[in-house]
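Worksheet: the structure to be examined is printed underneath.
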Number of protein chains: 2
Amino acid sequence: MVKNKIDKTAEEKILLAAKKVFTTHGMAGARMQDIADEAGINKALLHYYFKDKEKLFEVIFMEEAQKFFPKINSIFESALPLFEKIERFCDEYITEMMRHPYLAWFIMNELNRDPEKFLNSSWAKANLPNPIRLVEQMEREIKKGTIRRIQPVHLLMHLLSMTVFPFIAKPMMQKALQMDDAHFKKIMEERRKEIPRFIIESIRK
Amino acid sequence: MVKNKIDKTAEEKILLAAKKVFTTHGMAGARMQDIADEAGINKALLHYYFKDKEKLFEVIFMEEAQKFFPKINSIFESALPLFEKIERFCDEYITEMMRHPYLAWFIMNELNRDPEKFLNSSWAKANLPNPIRLVEQMEREIKKGTIRRIQPVHLLMHLLSMTVFPFIAKPMMQKALQMDDAHFKKIMEERRKEIPRFIIESIRK
DNA sequence: GTCTATAATTTGATAGAC
DNA sequence: GTCTATCAAATTATAGAC
(Lines give C-alpha, C1' and ligand atoms only; values in the text may rest on other atoms or scores of the structure.)
Protein backbone atom coordinates (compact mmCIF):
# COMPACT_ATOMS: atom_id res chain seq x y z
CA MET A 1 0.00 0.00 0.00
CA VAL A 2 1.50 3.28 -1.14
CA LYS A 3 1.47 6.25 1.20
CA ASN A 4 -0.57 9.16 -0.08
CA LYS A 5 0.78 12.69 -0.05
CA ILE A 6 -0.64 13.57 3.37
CA ASP A 7 0.98 10.54 4.98
CA LYS A 8 4.48 11.38 3.83
CA THR A 9 6.97 12.46 6.45
CA ALA A 10 8.56 15.87 6.11
CA GLU A 11 11.82 14.27 5.08
CA GLU A 12 10.10 12.33 2.30
CA LYS A 13 8.33 15.43 1.08
CA ILE A 14 11.61 17.33 1.00
CA LEU A 15 13.39 14.63 -0.94
CA LEU A 16 10.60 14.45 -3.48
CA ALA A 17 10.52 18.22 -3.90
CA ALA A 18 14.30 18.52 -4.05
CA LYS A 19 14.45 15.85 -6.71
CA LYS A 20 11.97 17.74 -8.85
CA VAL A 21 13.67 21.13 -8.51
CA PHE A 22 17.27 19.91 -8.83
CA THR A 23 16.62 17.66 -11.79
CA THR A 24 14.77 20.35 -13.72
CA HIS A 25 17.02 23.33 -12.91
CA GLY A 26 20.36 21.80 -11.95
CA MET A 27 22.36 22.64 -8.84
CA ALA A 28 23.15 26.23 -9.86
CA GLY A 29 19.61 27.03 -11.00
CA ALA A 30 17.77 25.43 -8.07
CA ARG A 31 16.39 27.62 -5.27
CA MET A 32 15.93 26.43 -1.70
CA GLN A 33 12.72 28.46 -1.53
CA ASP A 34 11.33 26.61 -4.54
CA ILE A 35 12.11 23.29 -2.90
CA ALA A 36 10.38 24.37 0.31
CA ASP A 37 7.32 25.58 -1.62
CA GLU A 38 7.17 22.40 -3.66
CA ALA A 39 7.35 20.35 -0.46
CA GLY A 40 4.74 22.51 1.25
CA ILE A 41 7.01 23.31 4.20
CA ASN A 42 9.36 26.18 4.99
CA LYS A 43 13.01 26.75 4.31
CA ALA A 44 14.19 26.31 7.88
CA LEU A 45 13.08 22.72 7.81
CA LEU A 46 15.26 21.99 4.82
CA HIS A 47 18.29 22.93 6.88
CA TYR A 48 17.03 20.93 9.82
CA TYR A 49 16.97 17.70 7.82
CA PHE A 50 19.85 18.42 5.45
CA LYS A 51 22.62 20.71 6.64
CA ASP A 52 22.84 22.87 3.54
CA LYS A 53 22.04 23.05 -0.15
CA GLU A 54 25.18 21.18 -1.12
CA LYS A 55 24.36 18.23 1.17
CA LEU A 56 20.78 18.04 -0.06
CA PHE A 57 22.01 18.14 -3.63
CA GLU A 58 24.44 15.31 -3.04
CA VAL A 59 21.67 13.07 -1.69
CA ILE A 60 19.56 13.73 -4.78
CA PHE A 61 22.46 13.34 -7.17
CA MET A 62 23.37 9.97 -5.70
CA GLU A 63 19.77 8.79 -5.90
CA GLU A 64 19.61 9.73 -9.56
CA ALA A 65 23.04 8.32 -10.33
CA GLN A 66 21.76 5.01 -8.92
CA LYS A 67 19.09 5.01 -11.59
CA PHE A 68 21.41 6.04 -14.37
CA PHE A 69 24.50 3.88 -13.96
CA PRO A 70 24.17 0.55 -12.17
CA LYS A 71 21.73 -1.08 -14.55
CA ILE A 72 24.29 -0.78 -17.32
CA ASN A 73 26.70 -3.02 -15.46
CA SER A 74 24.20 -5.69 -14.54
CA ILE A 75 23.38 -6.11 -18.21
CA PHE A 76 26.88 -5.68 -19.58
CA GLU A 77 28.36 -8.17 -17.14
CA SER A 78 25.67 -10.82 -17.53
CA ALA A 79 26.23 -14.04 -19.44
CA LEU A 80 23.88 -13.15 -22.30
CA PRO A 81 24.91 -13.45 -25.95
CA LEU A 82 26.09 -10.17 -27.46
CA PHE A 83 23.03 -9.39 -29.54
CA GLU A 84 20.71 -10.10 -26.62
CA LYS A 85 22.73 -7.82 -24.39
CA ILE A 86 22.31 -5.03 -26.88
CA GLU A 87 18.57 -5.66 -27.09
CA ARG A 88 18.16 -5.82 -23.33
CA PHE A 89 20.21 -2.70 -22.81
CA CYS A 90 18.13 -0.61 -25.22
CA ASP A 91 14.86 -1.87 -23.89
CA GLU A 92 15.61 -1.37 -20.22
CA TYR A 93 17.40 1.90 -20.66
CA ILE A 94 14.66 3.46 -22.72
CA THR A 95 12.17 2.36 -20.07
CA GLU A 96 14.27 4.13 -17.43
CA MET A 97 14.61 7.31 -19.53
CA MET A 98 10.89 7.49 -20.20
CA ARG A 99 10.14 7.06 -16.53
CA HIS A 100 12.56 9.88 -15.65
CA PRO A 101 12.64 12.31 -18.56
CA TYR A 102 15.21 14.68 -17.03
CA LEU A 103 17.55 11.96 -15.76
CA ALA A 104 20.08 11.90 -18.59
CA TRP A 105 20.26 15.67 -18.85
CA PHE A 106 20.65 16.06 -15.10
CA ILE A 107 23.49 13.55 -14.81
CA MET A 108 25.41 14.75 -17.87
CA ASN A 109 24.93 18.32 -16.78
CA GLU A 110 26.40 17.89 -13.33
CA LEU A 111 29.22 15.70 -14.63
CA ASN A 112 30.22 18.48 -17.00
CA ARG A 113 29.96 21.09 -14.26
CA ASP A 114 32.34 19.31 -11.91
CA PRO A 115 33.68 16.06 -13.37
CA GLU A 116 36.34 15.27 -10.80
CA LYS A 117 34.16 15.42 -7.72
CA PHE A 118 31.80 12.61 -8.60
CA LEU A 119 33.91 10.55 -10.95
CA ASN A 120 36.67 10.16 -8.37
CA SER A 121 34.29 9.14 -5.58
CA SER A 122 34.43 5.58 -4.33
CA TRP A 123 30.83 5.08 -5.36
CA ALA A 124 31.69 6.02 -8.93
CA LYS A 125 34.65 3.66 -9.00
CA ALA A 126 32.34 0.81 -7.98
CA ASN A 127 29.32 1.68 -10.08
CA LEU A 128 30.44 3.42 -13.25
CA PRO A 129 29.91 1.29 -16.32
CA ASN A 130 32.80 -1.11 -16.51
CA PRO A 131 32.76 -2.18 -20.12
CA ILE A 132 35.74 -4.51 -20.01
CA ARG A 133 33.60 -7.66 -20.11
CA LEU A 134 31.53 -6.37 -22.99
CA VAL A 135 34.62 -5.32 -24.89
CA GLU A 136 36.13 -8.77 -24.47
CA GLN A 137 32.91 -10.36 -25.62
CA MET A 138 32.91 -8.21 -28.74
CA GLU A 139 36.48 -9.21 -29.49
CA ARG A 140 35.56 -12.89 -29.17
CA GLU A 141 32.67 -12.49 -31.58
CA ILE A 142 34.96 -10.81 -34.08
CA LYS A 143 37.47 -13.68 -33.80
CA LYS A 144 34.69 -16.22 -34.22
CA GLY A 145 33.60 -14.34 -37.31
CA THR A 146 30.00 -13.78 -36.19
CA ILE A 147 30.44 -10.01 -36.47
CA ARG A 148 32.68 -7.93 -38.70
CA ARG A 149 35.82 -6.18 -37.53
CA ILE A 150 34.98 -3.06 -35.54
CA GLN A 151 36.64 -1.36 -32.59
CA PRO A 152 34.65 -2.29 -29.48
CA VAL A 153 35.03 1.23 -28.10
CA HIS A 154 33.20 2.67 -31.06
CA LEU A 155 30.48 0.05 -30.98
CA LEU A 156 29.90 0.85 -27.34
CA MET A 157 29.79 4.58 -28.02
CA HIS A 158 27.33 4.05 -30.87
CA LEU A 159 25.04 2.05 -28.61
CA LEU A 160 25.11 4.51 -25.73
CA SER A 161 24.76 7.53 -28.00
CA MET A 162 21.74 6.30 -29.93
CA THR A 163 19.99 5.26 -26.73
CA VAL A 164 20.63 8.27 -24.52
CA PHE A 165 21.10 11.29 -26.77
CA PRO A 166 17.51 11.72 -28.02
CA PHE A 167 16.37 12.26 -24.42
CA ILE A 168 18.94 15.00 -23.90
CA ALA A 169 18.17 16.64 -27.23
CA LYS A 170 14.41 16.25 -26.84
CA PRO A 171 13.50 19.97 -27.16
CA MET A 172 15.56 20.40 -30.31
CA MET A 173 14.37 17.13 -31.84
CA GLN A 174 10.73 17.89 -31.19
CA LYS A 175 11.02 21.32 -32.75
CA ALA A 176 13.06 20.30 -35.78
CA LEU A 177 10.91 17.27 -36.50
CA GLN A 178 7.66 18.94 -35.45
CA MET A 179 6.74 16.27 -32.94
CA ASP A 180 4.33 16.79 -30.07
CA ASP A 181 4.89 14.87 -26.83
CA ALA A 182 2.80 11.90 -27.89
CA HIS A 183 4.68 11.59 -31.17
CA PHE A 184 8.04 11.84 -29.44
CA LYS A 185 7.01 9.12 -27.03
CA LYS A 186 5.93 6.88 -29.88
CA ILE A 187 9.28 7.34 -31.63
CA MET A 188 11.18 6.50 -28.43
CA GLU A 189 9.10 3.34 -28.04
CA GLU A 190 10.07 2.34 -31.55
CA ARG A 191 13.73 2.81 -30.74
CA ARG A 192 13.67 -0.13 -28.31
CA LYS A 193 13.70 -2.37 -31.40
CA GLU A 194 15.09 0.06 -33.97
CA ILE A 195 18.49 0.58 -32.34
CA PRO A 196 19.36 -3.13 -31.93
CA ARG A 197 18.16 -3.81 -35.48
CA PHE A 198 20.28 -0.94 -36.81
CA ILE A 199 23.38 -2.15 -34.98
CA ILE A 200 22.98 -5.79 -35.83
CA GLU A 201 22.42 -5.02 -39.52
CA SER A 202 25.71 -3.17 -39.46
CA ILE A 203 27.93 -5.68 -37.71
CA ARG A 204 26.48 -9.17 -38.37
CA LYS A 205 28.40 -11.14 -40.95
CA MET B 1 47.15 40.01 -38.73
CA VAL B 2 45.49 38.91 -35.53
CA LYS B 3 45.14 41.36 -32.68
CA ASN B 4 47.01 40.38 -29.58
CA LYS B 5 45.39 40.49 -26.19
CA ILE B 6 46.55 43.99 -25.38
CA ASP B 7 45.11 45.38 -28.59
CA LYS B 8 41.63 44.04 -28.00
CA THR B 9 38.92 46.56 -27.24
CA ALA B 10 37.08 46.27 -23.95
CA GLU B 11 34.02 44.99 -25.76
CA GLU B 12 36.01 42.23 -27.42
CA LYS B 13 37.62 41.26 -24.12
CA ILE B 14 34.18 41.10 -22.48
CA LEU B 15 32.72 38.93 -25.22
CA LEU B 16 35.64 36.54 -25.05
CA ALA B 17 35.44 36.30 -21.27
CA ALA B 18 31.66 35.95 -21.25
CA LYS B 19 31.85 33.17 -23.79
CA LYS B 20 34.29 31.28 -21.61
CA VAL B 21 32.32 31.68 -18.38
CA PHE B 22 28.85 31.11 -19.84
CA THR B 23 29.83 28.08 -21.90
CA THR B 24 31.56 26.39 -18.99
CA HIS B 25 29.04 27.21 -16.22
CA GLY B 26 25.79 27.92 -18.05
CA MET B 27 23.56 30.96 -17.50
CA ALA B 28 22.56 30.04 -13.94
CA GLY B 29 26.08 29.15 -12.83
CA ALA B 30 27.88 32.09 -14.42
CA ARG B 31 28.93 35.06 -12.29
CA MET B 32 29.30 38.59 -13.61
CA GLN B 33 32.32 39.03 -11.35
CA ASP B 34 34.02 36.03 -12.93
CA ILE B 35 33.42 37.46 -16.39
CA ALA B 36 34.88 40.79 -15.33
CA ASP B 37 37.94 39.11 -13.79
CA GLU B 38 38.47 36.92 -16.85
CA ALA B 39 38.26 40.01 -19.06
CA GLY B 40 40.60 41.96 -16.80
CA ILE B 41 38.12 44.79 -16.31
CA ASN B 42 35.52 45.60 -13.67
CA LYS B 43 31.85 44.75 -13.35
CA ALA B 44 30.55 48.24 -14.07
CA LEU B 45 31.96 48.06 -17.56
CA LEU B 46 30.00 44.92 -18.30
CA HIS B 47 26.81 46.85 -17.70
CA TYR B 48 28.07 49.76 -19.76
CA TYR B 49 28.49 47.61 -22.86
CA PHE B 50 25.70 45.13 -22.24
CA LYS B 51 22.69 46.28 -20.26
CA ASP B 52 22.44 43.28 -17.97
CA LYS B 53 23.41 39.65 -17.54
CA GLU B 54 20.48 38.44 -19.60
CA LYS B 55 21.42 40.62 -22.59
CA LEU B 56 25.05 39.56 -22.44
CA PHE B 57 24.01 35.95 -22.24
CA GLU B 58 21.78 36.27 -25.28
CA VAL B 59 24.62 37.65 -27.37
CA ILE B 60 26.84 34.72 -26.39
CA PHE B 61 24.10 32.15 -26.86
CA MET B 62 23.34 33.41 -30.36
CA GLU B 63 27.03 33.34 -31.28
CA GLU B 64 27.30 29.76 -30.13
CA ALA B 65 24.02 28.72 -31.73
CA GLN B 66 25.44 30.04 -35.02
CA LYS B 67 28.24 27.54 -34.68
CA PHE B 68 26.00 24.67 -33.67
CA PHE B 69 23.03 24.81 -36.03
CA PRO B 70 23.47 26.45 -39.43
CA LYS B 71 26.12 24.15 -40.79
CA ILE B 72 23.72 21.25 -40.51
CA ASN B 73 21.33 22.84 -42.98
CA SER B 74 23.93 23.78 -45.54
CA ILE B 75 24.99 20.16 -45.71
CA PHE B 76 21.55 18.60 -45.41
CA GLU B 77 20.08 20.83 -48.12
CA SER B 78 22.93 20.47 -50.57
CA ALA B 79 22.70 18.38 -53.74
CA LEU B 80 25.14 15.73 -52.56
CA PRO B 81 24.35 12.02 -52.73
CA LEU B 82 23.06 10.59 -49.44
CA PHE B 83 26.19 8.75 -48.38
CA GLU B 84 28.37 11.76 -49.12
CA LYS B 85 26.09 13.97 -47.06
CA ILE B 86 26.48 11.64 -44.13
CA GLU B 87 30.25 11.63 -44.53
CA ARG B 88 30.46 15.39 -44.85
CA PHE B 89 28.18 15.93 -41.88
CA CYS B 90 30.26 13.76 -39.56
CA ASP B 91 33.54 15.22 -40.70
CA GLU B 92 32.54 18.87 -40.43
CA TYR B 93 30.59 18.47 -37.24
CA ILE B 94 33.34 16.66 -35.42
CA THR B 95 35.73 19.41 -36.50
CA GLU B 96 33.39 21.98 -35.00
CA MET B 97 32.95 20.02 -31.74
CA MET B 98 36.69 19.57 -31.30
CA ARG B 99 37.25 23.26 -31.87
CA HIS B 100 34.62 24.11 -29.24
CA PRO B 101 34.53 21.32 -26.67
CA TYR B 102 31.74 22.81 -24.54
CA LEU B 103 29.52 23.80 -27.45
CA ALA B 104 27.16 20.84 -27.53
CA TRP B 105 26.74 20.73 -23.76
CA PHE B 106 26.12 24.47 -23.60
CA ILE B 107 23.44 24.47 -26.30
CA MET B 108 21.61 21.37 -25.05
CA ASN B 109 21.80 22.65 -21.52
CA GLU B 110 20.17 25.98 -22.23
CA LEU B 111 17.56 24.41 -24.51
CA ASN B 112 16.54 22.12 -21.67
CA ARG B 113 16.48 25.00 -19.21
CA ASP B 114 14.11 27.12 -21.26
CA PRO B 115 13.08 25.42 -24.50
CA GLU B 116 10.31 27.80 -25.60
CA LYS B 117 12.30 31.00 -25.47
CA PHE B 118 14.90 30.14 -28.07
CA LEU B 119 13.07 27.58 -30.14
CA ASN B 120 10.19 29.96 -30.82
CA SER B 121 12.47 32.82 -31.84
CA SER B 122 12.48 33.89 -35.48
CA TRP B 123 16.17 33.04 -35.69
CA ALA B 124 15.45 29.49 -34.62
CA LYS B 125 12.67 29.12 -37.15
CA ALA B 126 15.08 30.14 -39.90
CA ASN B 127 18.16 28.27 -38.72
CA LEU B 128 17.10 25.14 -36.90
CA PRO B 129 17.93 21.99 -38.83
CA ASN B 130 15.20 21.51 -41.38
CA PRO B 131 15.50 17.86 -42.23
CA ILE B 132 12.67 17.68 -44.74
CA ARG B 133 15.01 17.57 -47.76
CA LEU B 134 17.15 14.89 -46.21
CA VAL B 135 14.11 12.85 -45.24
CA GLU B 136 12.78 13.01 -48.81
CA GLN B 137 16.16 11.99 -50.14
CA MET B 138 16.21 8.97 -47.83
CA GLU B 139 12.76 7.97 -49.00
CA ARG B 140 13.87 8.19 -52.63
CA GLU B 141 16.86 5.97 -51.95
CA ILE B 142 14.64 3.41 -50.29
CA LYS B 143 12.30 3.42 -53.30
CA LYS B 144 15.25 3.06 -55.66
CA GLY B 145 16.40 0.15 -53.56
CA THR B 146 19.87 1.49 -52.83
CA ILE B 147 19.23 1.35 -49.10
CA ARG B 148 17.01 -0.91 -47.02
CA ARG B 149 13.70 0.14 -45.53
CA ILE B 150 14.22 2.32 -42.45
CA GLN B 151 12.30 5.23 -41.01
CA PRO B 152 14.17 8.41 -41.99
CA VAL B 153 13.48 9.93 -38.57
CA HIS B 154 15.39 7.15 -36.88
CA LEU B 155 18.25 7.27 -39.34
CA LEU B 156 18.57 10.99 -38.69
CA MET B 157 18.50 10.49 -34.93
CA HIS B 158 21.15 7.78 -35.17
CA LEU B 159 23.42 10.08 -37.16
CA LEU B 160 23.03 13.05 -34.85
CA SER B 161 23.33 10.95 -31.70
CA MET B 162 26.52 9.16 -32.65
CA THR B 163 28.14 12.41 -33.75
CA VAL B 164 27.18 14.72 -30.91
CA PHE B 165 26.67 12.59 -27.80
CA PRO B 166 30.28 11.59 -27.09
CA PHE B 167 31.17 15.26 -26.67
CA ILE B 168 28.42 15.77 -24.12
CA ALA B 169 29.29 12.57 -22.26
CA LYS B 170 33.02 13.19 -22.45
CA PRO B 171 33.73 13.10 -18.68
CA MET B 172 31.82 9.84 -18.21
CA MET B 173 33.30 8.23 -21.32
CA GLN B 174 36.85 9.15 -20.37
CA LYS B 175 36.45 7.74 -16.89
CA ALA B 176 34.65 4.55 -17.88
CA LEU B 177 37.02 3.82 -20.74
CA GLN B 178 40.11 5.14 -18.93
CA MET B 179 41.04 7.57 -21.67
CA ASP B 180 43.24 10.61 -21.17
CA ASP B 181 42.60 13.70 -23.27
CA ALA B 182 44.92 12.62 -26.05
CA HIS B 183 43.27 9.22 -26.31
CA PHE B 184 39.80 10.77 -26.35
CA LYS B 185 40.86 13.11 -29.12
CA LYS B 186 42.22 10.22 -31.15
CA ILE B 187 38.97 8.29 -30.80
CA MET B 188 36.95 11.31 -31.90
CA GLU B 189 39.18 11.68 -34.95
CA GLU B 190 38.48 8.06 -35.83
CA ARG B 191 34.75 8.68 -35.62
CA ARG B 192 34.86 10.96 -38.67
CA LYS B 193 35.14 7.79 -40.75
CA GLU B 194 33.76 5.25 -38.28
CA ILE B 195 30.24 6.69 -38.04
CA PRO B 196 29.59 6.87 -41.81
CA ARG B 197 31.03 3.39 -42.23
CA PHE B 198 28.82 2.05 -39.44
CA ILE B 199 25.69 3.63 -40.91
CA ILE B 200 26.38 2.64 -44.49
CA GLU B 201 27.10 -0.96 -43.49
CA SER B 202 23.70 -1.03 -41.83
CA ILE B 203 21.54 0.46 -44.57
CA ARG B 204 23.23 -0.27 -47.92
CA LYS B 205 21.62 -3.06 -49.87
C1' DG C 1 9.66 18.90 14.54
C1' DT C 2 7.98 22.99 12.69
C1' DC C 3 7.40 27.64 12.48
C1' DT C 4 8.46 33.04 12.12
C1' DA C 5 11.74 36.32 11.95
C1' DT C 6 16.10 37.75 10.84
C1' DA C 7 20.96 37.50 10.00
C1' DA C 8 24.71 36.83 6.69
C1' DT C 9 26.32 36.36 2.24
C1' DT C 10 26.30 36.54 -2.50
C1' DT C 11 25.30 38.77 -6.64
C1' DG C 12 23.41 41.89 -10.10
C1' DA C 13 23.09 46.59 -10.96
C1' DT C 14 23.83 51.75 -10.48
C1' DA C 15 25.80 56.47 -9.10
C1' DG C 16 29.12 59.48 -9.75
C1' DA C 17 34.21 60.87 -10.06
C1' DC C 18 37.78 61.13 -13.41
C1' DG D 1 35.29 54.79 -21.46
C1' DT D 2 36.75 53.17 -17.14
C1' DC D 3 37.01 53.13 -12.43
C1' DT D 4 35.65 52.99 -7.13
C1' DA D 5 32.19 52.83 -4.06
C1' DT D 6 27.76 51.60 -2.96
C1' DC D 7 23.06 50.04 -3.31
C1' DA D 8 19.29 46.80 -3.85
C1' DA D 9 17.67 42.39 -4.44
C1' DA D 10 18.03 37.66 -4.14
C1' DT D 11 19.37 33.70 -1.69
C1' DT D 12 21.39 30.75 1.75
C1' DA D 13 21.52 29.90 6.47
C1' DT D 14 20.50 30.46 11.50
C1' DA D 15 18.24 31.91 16.06
C1' DG D 16 14.83 31.15 18.94
C1' DA D 17 9.74 30.57 20.11
C1' DC D 18 6.31 27.01 20.36
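Chain naming here is simple, since letters A, B, ... match the order of the sequence lines and numbering starts at 1 in each.
B/I41 comes within 4.0 angstrom of sugar-phosphate atoms only, judged by non-hydrogen atoms across all strands, and of no base. Residue A/Y49 is in sugar-phosphate contact alone, with no base atom involved, counting any heavy-atom pair closer than 4.0 Å across all strands shown.
Scanning DNA chain D 5' to 3' for nucleotides with an atom closer than 4.0 angstrom to a non-hydrogen atom of chain A gives a first and last hit of D/dT11 to D/dA15.
Look at A/E64 and A/K67 and you find a salt bridge, because one of the NZ, NE, NH1 or NH2 atoms lies within 4.0 Å of a carboxylate O, short of that distance. Under 4.0 Å is where a charged nitrogen must lie from a carboxylate oxygen, and between B/K85 and B/E141 no such pair does. Taking 4.0 Å as the cut-off between side-chain N and carboxylate O, A/E58 and A/K55 do not count as a salt-bridged pair. Ion pairing between a basic and an acidic side chain is recognised when a charged N comes within 4.0 Å of a carboxylate O; A/E189 and A/K186 show no such pairing. Ion pairing of B/K19 with B/E63 is absent here, as no side-chain N (NZ or NE/NH1/NH2) approaches a carboxylate O to less than 4.0 Å. Using a 4.0 Å cut-off between charged nitrogen and carboxylate oxygen, B/R197 and B/E201 do not count as a salt-bridge pair.
In this structure, the helix from C/dG1-D/dC18 to C/dC18-D/dG1 shows an angle of 10° between the axis at its start and the axis at its end, each fitted on 5 base pairs and rounded to 10°.
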Output a table of nitrogen or oxygen pairs between the protein and nucleotides 11-14 of chain C separated by less than 3.5 Å.
from   : atom 1 : to    : atom 2 : distance (Å)
C/dT11 : OP1    : B/R31 : NE     : 2.7
C/dG12 : OP1    : B/A30 : O      : 3.4
C/dG12 : OP1    : B/K53 : NZ     : 3.1
C/dG12 : OP2    : B/M32 : N      : 2.9
C/dG12 : N7     : B/K43 : NZ     : 3.3
C/dA13 : OP2    : B/H47 : NE2    : 3.3
C/dA13 : OP2    : B/K53 : N      : 2.9
C/dA13 : N6     : B/K43 : NZ     : 3.3

Trace of the ring pair (Phe, Tyr, Trp, His ring centres under 6.0 Å) decision for B/Y102 with B/F106: CA-CA 6 Å; B/Y102 279 99; B/F106 176 64; 9.5 Å; no

Steps toward side-chain hydrogen bond (donor to acceptor under 3.5 Å, both in side chains) verdict (A/Q178, A/H183): CA-CA 9 Å; A/Q178 313 212 7; A/H183 190 184; over 6 Å; no

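A tilted orientation is assigned to the rings of A/F118 and A/W123, their planes being inclined by 30° to 60°.
Just one of B/K43, B/K20, B/R31, B/K13 meets the salt bridge (charged side-chain N to carboxylate O under 4.0 Å, His left out) condition when paired with B/E38; it is B/K20.
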